[in-house]
Novice: 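Below is one structure. I have some questions about it.
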Amino acid sequence: MDTMRISGVSSGAESLIQCNALSSLVGRRCDSGRWRRTRMFPARSRTWRLSPKKILFPSVKCISSEPKEKVADVVIDSQQEAFRSLRPFGPTDAASVASSIKYHSEFTPLFSPEKFELPKAFFATAQSVRDALIVNWNATYEYYNRVNPKQAYYLSMEFLQGRALSNAVGNLGLTGAYADALKSLGFDLESVASQEPDPALGNGGLGRLASCFLDSMATLNYPAWGYGLRYKYGLFKQRITKDGQEEAAEDWLELSNPWEIVRNDVSYPVKFYGKVVSGSDGKKKWIGGEDIVAVAYDVPIPGYKTKTTINLRLWSTKAPSADFDLSSYNSGKHTEAAEALFNAEKICYVLYPGDESNEGKALRLKQQYTLCSASLQDIVARFETRSGGSVNWEEFPEKVAVQMNDTHPTLCIPELMRILMDLKGLSWEDAWKITQRTVAYTNHTVLPEALEKWSLDLMGKLLPRHVEIIEKIDEELVSTIVSEYGAEDPDLLKEKLKAMRILENVELPSAFADVIVKPKNKPVAKEDAQTVVKKELEEEETAGKEAKVIPEPTVKPPKMVRMANLAVVGGHAVNGVAEIHSEIVKKDVFNEFVKLWPDKFQNKTNGVTPRRWISFCNPYLSDIITNWIGTEDWVLNTEKLAELKKFADNEDLQSEWRAAKKKNKLKVVSLIKERTGYTVNPDAMFDIQIKRIHEYKRQLLNILGIVYRYKKMKEMSASEREKAFVPRVCIFGGKAFATYVQAKRIVKFITDVGSTINHDPEIGDLLKVIFVPDYNVSVAELLIPASELSQHISTAGMEASGTSNMKFSMNGCILIGTLDGANVEIREEVGEENFFLFGAKADEIVNLRKERAEGKFVPDPIFEEVKQYVRSGVFGSNYDELIGSLEGNEGFGRADYFLVGKDFPSYVECQEKVDEAYRDQKKWTRMSILNTAGSFKFSSDRTIHEYAKDIWNIKQVELP
C-alpha cells in the first residue's frame with residue numbers, strides 16, 4: 001500500500017496515512033514522489049474511464065412515486081473498487097491532531113511563517129478537520145454513485161450555516177482530541193473557534209432551517225444535497241449608531257473559507273436576454289443575449305456519528321476571460337472593458353439586493369435563475385452519469401427529488417421543462433409529467449407581499465424562453481379550470497381564474513377568449529336615443545366656451561407572473577411548516593387549488609438540529625441532561641428528553657439546572673460588554689427577542705411594553721419599584737432590511753429607549769435594554785442558552801412557523817407569545833401552564849381589522865398613555881411616523897395593521913404574570929425543565945424523516 005509521511009513542524013511526531021484514503025479533491029504527494037489524484041466528482045461532460053477494466057454493481061432499489069422502478073446496472077471503473085475498503089480517515093488522538101495542525105500551519109499557509117497566532121491557528125485547525133471530512137465526503141458520493149439511490153436536492157436562496165469548526169469536530173466525535181491538541185499548542189478550542197467568521201449566506205429562519213435540514217439529512221444517512229449561491233458580501237454587516245442601523249458589506253471571505261473547495265471542472269453556462277427561434281427540426285432554441293458561467297464551490301456537511309458526509313454546492317458567477325475587452329482597456333476605457341466581468345460577478349455579490357429600482361429587480365431575478373439553472377444542469381448531468389450508457393428519462397423522478405425552499409427557486413419548473421424539451425428532445429407532455437413528479441414546494445409565508453410576483457415584461461426580456469413555457473403552463477391551467485367548473489356561471493369561472501392563474505392581469509389565451517361571455521348591453525330605445533342626443537346638445541350650448549373636462553386615463557394594472565401559483569401547479573406536493581400555518585395555507589392562501597388538488601397539500605412542522613442547538617452550544621445543559629437521563633442517545637433520539645419530566649421537581653436537578661443557566665448568562669454579560677459597552681446584572685431575568693426586524697414580528701410591541709414598564713417605575717419610589725418589578729435585561733437582536741424604512745425606525749427607537757433607560761441612575765440594574773448589533777448564528781449560540789424568557793409575539797396567523805422558538809424551548813427557556821406558527825404546537829407539548837399566552841387568535845384577525853377600518857376600535861387607555869409618553873420626548877423626537885402607524889383607521893402605513901394596540905393590554909397583563917412566576921425560582925426552574933422535556937418533537941430529524949417518506953420518497957443509505 002502506498003503511504004505518506006506527515007511530520008509536525010517541531011514535535012517530530014509522525015502519522016502514517018493511507019495514500020488512497022487522502023483527498024481525491026486535493027492532490028497529495030506519496031512516497032513514490034508522484035502526486036496522485038482520484039476524481040470523485042466527475043466533470044459534467046465525462047464518464048469515469050480511468051481503467052479499461054470494468055466491474056458491474058447492481059443498483060439499490062428505492063421507493064419512488066411510481067409503482068415500479070426501472071434501474072440499469074451501473075458501470076464503475078476498477079479504480080473506484082479501492083474505495084470499498086475505505087475507512088474514515090483522520091487523527092483521533094491529541095498528538096496526531098497536533099501534528100496535523102502544525103503540518104497545515106506550515107504547508108497550507110495563509111499567513112506568514114514568523115508567528116503562530118489565533119487566526120493562523122484557526123485556519124490550520126480547520127484544514128486539519130477538513131482532511132478527515134474529505135475522506136468521508138468522497139466515500140459517501142462514490143457509494144451513492146455506485147448504488148444509484150434516489151437523491152433529494154434542496155434548493156434555497158439562503159443557508160445560514162453558522163461557524164463550522166465546533167460543529168464538525170462535534171459530529172466527528174473529536175472535540176476532546178482537538179481541545180487537547182490545541183491546548184498543547186498554547187490555545188483553547190473555544191478561542192480558536194471564535195476566529196471563524198459566520199458565513200454570510202442567509203438572513204433569518206429560512207436559511208437557518210435549510211442548514212438544520214442539511215445536518216439532519218447527513219446524520220440520518222439520507223442521500224441529499226443542498227444548492228445555493230456563494231454571496232461574496234452576504235446580506236450586510238449591521239452597525240448601530242446614534243442614527244440607528246447602518247449597513248456595511250460582509251467580509252467573511254476576505255481571508256478565504258477553509259471549508260470550501262472550488263470545482264474548476266464543474267461549471268455551467270447560464271444565459272440571459274437573447275431571443276427564441278425555431279430550428280429546422282422544430283425545436284426551440286434560445287440564442288444570443290448575455291452568457292455567464294456558474295462555478296461550483298463545495299462545502300462538506302458531516303453527519304453526527306456517521307460516515308455520511310453530504311454536500312452543499314454553492315454557485316459563484318463569472319464571465320470567461322475572453323469577455324474582457326483588452327482593446328478598450330488599453331484605450332483607457334477601463335470600466336467599459338470589464339463591464340461583462342462585473343455584470344457576471346455582481347450576481348453573487350449580495351443576498352437580496354435592493355429591488356426598488358428596475359436594475360435591482362433584474363439582479364434578483366438573475367440570482368434566482370442562476371441558482372435554478374446551474375443546479376438543474378448539474379442534477380441532470382449527474383442523472384445521466386449514473387445512468388451509464390442508457391438514459392431513460394422516465395426514471396428521472398425515480399432518481400431525483402427537487403425541493404424548492406419558498407418561491408425563490410420556482411424557476412426550476414420552466415427551467416427543467418426547457419432542459420428536457422430543448423436540450424434532451426422530450427415532448428411537452430413527457431417533460432411536464434417528469435417535472436411535476438420531480439418538484440415540490442415549501443411555503444413559508446402567508447404575507448401577500450412575500451408571495452413573489454415578477455413583472456411579465458421584465459421576465460420576458462430576461463428569460464424569453466421561460467415566459468413561453470410559463471404561458472403554456474398557464475394555458476393548460478386555464479383549460480383545467482374551465483373543464484372543472486364549466487362556463488355556465490361566468491362570474492364563478494371568472495373568480496376561479498382570477499385566483500388561480502399564474503399570469504395576473506393578462507388576457508385569456510386565444511383558445512379561451514370567448515369562454516367568459518359578457519352580458520350584452522340592452523338596446524337603447526329609439527326615443528331614448530333621441531332624448532339623449534337632445535340633452536347633449538343642450539349641455540354643449542349651456543357650457544359655452546368652458547373647457548371640457550378630460551377624464552383621466554385608466555391605468556392598466558401591470559402584468560405579473562405569480563410564482564407561488566406556478567410552484568403549486570408545477571409540483572407534486574405543497575407543504576406548510578406548522579400545523580396552524582398549513583391550515584391557513586389551505587383555507588386562505590391556496591384554497592382554490594386545494595379544492596382542485598386536495599391530496600397535494602400537507603404539513604411538515606419545522607424542526608432544529610439538537611446537535612448545534614443543545615449539545616454543542618450548551619455543553620453545561622447537555623451534560624446535565626445526559627447525567628440525569630443516563631445516556632447521550634437523546635442527541636439522536638430527542639424523544640428521550642421526555643424522561644426529564646419525572647425529575648422536574650427534584651431539588652438537585654433544579655440546583656444544577658440554575659447553575660448551568662448562570663454560567664451561560666455570564667458569557668452573555670461578557671458579550672454585551674464587548675459589543676455595546678453596557679454592564680448588566682447576571683442575576684436579572686434575561687428576556688430575549690432575536691429575530692429579523694419586521695412589523696409583523698412586533699418588536700414594536702415589546703419595546704412599547706418596556707416603555708410602559710419604565711414609566712411605571714419612574715412613578716414609584718425606589719422601594720415600591722423594587723417590590724413591584726423583577727429585575728430584567730431586555731435583549732434585542734436582528735437586522736432590518738436595508739430599504740425597509742419602518743423596520744429601521746423600530747431599530748432606532750429600541751436603541752434610543754435603551755440609551756435613556758440604561759443611563760438612568762434611579763432605575764439602575766432593575767431594567768436594562770440592550771440591542772446586540774450584527775446578530776448572527778454565533779451570537780444566537782450564546783444568547784439562547786442564557787435565555788430565561790423569550791418573546792415570540794407576532795400577530796396571530798402571520799408567522800409561518802418560527803424556529804428560534806424551538807431552540808429557546810429546547811434550552812429551557814420559557815416562551816411568551818401568541819397562538820401563531822409553531823407556538824401552538826410548542827404550547828401543546830410543553831404544557832399550557834409552562835407557556836405565557838396572550839393576544840388575539842388567528843381567526844379573529846380579519847374581523848378586528850374590519851372593526852378598525854369602520855372606526856369602531858377603541859384603544860385601551862394604557863396604550864394611549866404609552867404613546868403619549870413616547871411623544872413627550874423622553875427618548876428623543878422624530879417618532880411621529882412610527883407612532884402614527886398605530887393610529888388612524890385606514891391608509892398605507894396607518895391603522896395599526898399588525899394589531900399592536902389591540903394586543904397591548906393583554907401583553908402587559910401577561911408580563912405581570914411573568915414577574916410573579918419568576919419570583920418563585922423553584923416554580924420557574926420546574927417550568928424550564930418541562931420546556932426542555934417537551935421540546936423533543938421539534939428536532940429537524942423528525943421533520944426530515946417526514947419529508948423523506950411523504951414527499952421525496954427516498955430511503956436511508958448507510959455507508960458500509
Side-chain angles (χ1 to χ4, degrees), residues 62-69 150 152-155 213 222 394-407 409-410 412-413 416-417 429-446 451 473-486 492-493 495-497 499-502 562-607 800-801 825 942-955:
C62 297
I63 296 175
S64 75
S65 55
E66 294 301 302
K68 190 174 183 180
E69 188 176 29
K150 183 174 184 180
Y153 298 95
Y154 198 84
L155 272 66
F213 279 2
Y222 281 114
E394 289 184 5
E395 293 178 359
F396 190 79
E398 299 169 16
K399 294 297 181 184
V400 172
V402 173
Q403 188 70 36
M404 303 183 300
N405 191 28
D406 215 346
T407 53
T410 303
C412 279
I413 294 166
L416 183 54
M417 291 289 291
E429 291 73 16
D430 290 341
W432 183 239
K433 289 176 184 176
I434 290 168
T435 298
Q436 280 196 309
R437 290 167 53 203
T438 301
V439 175
Y441 160 54
T442 298
N443 173 274
H444 283 279
T445 184
V446 299
L451 293 171
I473 296 171
D474 182 69
E475 182 175 352
E476 294 205 350
L477 175 62
V478 170
S479 177
T480 300
I481 296 169
V482 172
S483 298
E484 180 72 18
Y485 295 103
L492 174 65
L493 183 58
E495 177 187 317
K496 300 293 181 184
L497 290 168
M500 300 173 71
R501 283 192 66 188
I502 296 164
R562 298 194 282 191
M563 304 306 281
N565 286 19
L566 176 58
V568 172
V569 174
H572 65 87
V574 179
N575 71 279
V577 290
E579 288 177 2
I580 185 174
H581 169 241
S582 295
E583 287 305 306
I584 293 171
V585 163
K586 289 191 287 186
K587 290 179 181 178
D588 298 330
V589 182
F590 297 127
N591 183 251
E592 297 299 341
F593 290 106
V594 173
K595 293 175 183 176
L596 193 60
W597 303 306
D599 295 338
K600 186 177 283 195
F601 293 82
Q602 51 186 280
N603 174 60
K604 295 288 171 282
T605 297
N606 284 343
S801 170
E825 294 161 75
R942 184 264 313 153
T943 314
I944 287 301
H945 275 313
E946 292 177 2
Y947 273 98
K949 176 177 177 289
D950 301 334
I951 297 179
W952 302 335
N953 288 322
I954 62 173
K955 289 285 190 179

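From a predicted model like this one, the values you see are computed outputs, not experimental measurements.
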Novice: To check you understand the geometry: which heavy-atom pair defines the closest contact between L451 and A564, and what is its length?
Specialist: CD2-CB, 3.9 Å

Novice: So how far is it from T438 OG1 to E398 CD, rounded to the nearest 0.5 Å?
Specialist: 10.0 Å

Novice: Between N606, T605, N443, which is the residue that forms a side-chain hydrogen bond (donor to acceptor under 3.5 Å, both in side chains) with H581?
Specialist: N443

Novice: Is the closest side-chain heavy-atom distance between I413 and Y441 below 4.5 Å?
Specialist: no

Novice: Look only at the side chain of Q403 and the backbone of A152, and say whether a donor-acceptor pair between them is shorter than 3.5 Å.
Specialist: no

Novice: Do the side chain of S479 and the main chain of E475 share a donor and acceptor less than 3.5 angstrom apart?
Specialist: no

Novice: Please identify each residue that fulfils side chain to side chain contact (heavy atoms under 4.5 Å, CB included) with E583, with sequence neighbours left out.
Specialist: K586, K587

Novice: Please name all residues satisfying side chain to side chain contact (heavy atoms under 4.5 Å, CB included) with D588, sequence neighbours left out, ordered by chain then number.
Specialist: I584

Novice: CD1/I481 to NZ/K496 distance, rounded to the nearest 0.5 angstrom?
Specialist: 9.5 Å

Novice: Here's a test for you: under ring pair (Phe, Tyr, Trp, His ring centres under 6.0 Å), which of W952, Y222, Y154 qualifies with F213?
Specialist: Y154

Novice: If you compare all heavy atoms of T410 against all heavy atoms of A567, which two are closest, and at what distance to 0.1 Å?
Specialist: CG2-N, 3.7 Å

Novice: Which pair of heavy atoms, one from K600 and one from V568, lies closest together, and at what distance?
Specialist: NZ-O, 2.8 Å

Novice: Shortest non-hydrogen contact from S582 to Q602?
Specialist: OG-O, 3.8 Å

Novice: Taking side chain to side chain contact (heavy atoms under 4.5 Å, CB included) as the definition, give me every residue that meets it alongside H444, ordered by chain and number, with sequence neighbours left out.
Specialist: L206, L209, N405, D406, T442, V577

Novice: For a quick test of reading the model, state the closest non-hydrogen atom pair linking W432 to V569 and the distance between them.
Specialist: CZ2-O, 3.9 Å

